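Structure first, then comments.
These numbers were taken from a predicted model, which means no experiment stands behind them.
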Amino acid sequence: MKTYLLKSKKKKLKGIFITKKALKKIIQIYETKKDIIGIKVDIKKTGCAGYKYVLEYVIKKTKKNIAFIKDNISIFIPKNKINVLDGIIINFVQKKFHNYFDFYHKNSQNKCGCGESFQIIL
């Protein structure tokens, strides 16, 4: 699976990897949501396994987030979650009745049965 790397100005970080399908979907989002400057990937406590990924539109930059950029695409990650989310791979899955972003990170394991939540292993 080919991935595209979005880099941060912070040299120590691995970056964010997105697949071709995810890139295509993100470009579609940019085209329909003209007022956004990017997409924020976050996690929140929920579900039977402990955490789930959350996507939000970003309208303006804040010092609380780190930007990962490639060409005109920006993905933001909260600074306080960088140790959990740096190096994440984002894919977009299209199924017959359900389309969704799918995430892979070496620190997220043990997904629950429905696949909505996961545990963080550091």
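With Asp42 contributing its side chain and Glu56 its backbone, the two residues share no donor-acceptor pair below 3.5 Å. Distance alone, capped at 3.5 Å, places no donor-acceptor pair between the Lys70 side chain and the Lys7 backbone.
Residues Asp102 and Phe92 are not in side-chain contact: their nearest non-hydrogen atoms beyond the backbone lie 4.5 Å or more apart. Residues Ile18 and Phe68 have side chains not in contact (no heavy-atom distance under 4.5 Å, counting atoms from C-beta outward). Using a 4.5 Å heavy-atom threshold, the side chains of Tyr30 and Ile73 count as touching. In this structure the side chain of Lys61 reaches within 4.5 angstrom of the side chain of Ile37, judged on heavy atoms. For the pair Asn65/Lys79, no side-chain contact is recorded, criterion being any heavy-atom separation below 4.5 Å from C-beta on. Between Val41 and Phe103, the closest side-chain pair of non-hydrogen atoms falls below 4.5 Å. Taking the side chain as every heavy atom from C-beta outward, Val58 and Ile36 never approach each other to under 4.5 Å. For the pair Ile66/Ile82, a side-chain contact is recorded, criterion being any heavy-atom separation below 4.5 Å from C-beta on.
Atoms OH and CZ, on Tyr4 and Phe17 in that order, are 14.0 Å from each other to the nearest 0.5 Å. Expressed to the nearest 0.5 Å, how far NZ of Lys25 lies from CD1 of Ile39 amounts to 10.0 Å. The structure places CD1 of Ile77 at 6.5 Å from CD1 of Ile88, a figure rounded to the nearest 0.5 Å. In this structure, CD on Gln28 lies 13.0 Å from NZ on Lys33, to the nearest 0.5 angstrom. To the nearest 0.5 Å, atoms OH (Tyr104) and OH (Tyr53) are separated by 9.5 Å.
The cluster map of Ile, Leu, Val, Met, Phe, Trp and Tyr, joined by side-chain heavy atoms under 4.5 Å apart, puts Ile29 and Val93 in different clusters. A continuous path of hydrophobic side-chain contacts links Leu13 to Ile16 [ILVMFWY only; heavy atoms under 4.5 Å]. Leu85 and Tyr57 fall within the same hydrophobic cluster, where Ile, Leu, Val, Met, Phe, Trp and Tyr residues are linked whenever their side-chain heavy atoms come under 4.5 Å apart, directly or through other members. Transitive grouping of hydrophobic side chains (ILVMFWY, heavy atoms separated by less than 4.5 Å) keeps Phe76 and Val84 in distinct clusters.
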- [ ] List the steps, then state whether side-chain contact (heavy atoms from CB on, under 4.5 Å) holds for Ile69 with Leu6.
- [x] CA-CA 5 Å; Ile69 301 167; Leu6 283 76; 5.8 Å; no
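Here the closest non-hydrogen pair linking Lys40 and Pro78 is CE-CG, 3.9 Å. Pairing each heavy atom of Ala22 with each of Ile90, the nearest pair is CB-O, 3.4 Å.
Heavy atoms of other residues, nucleotides or ligands lying less than 6.0 angstrom from CG of Asn80 number more than 12. Within 6.0 Å of NZ in Lys21 there are 12 or fewer heavy atoms belonging to other residues, nucleotides or ligands.
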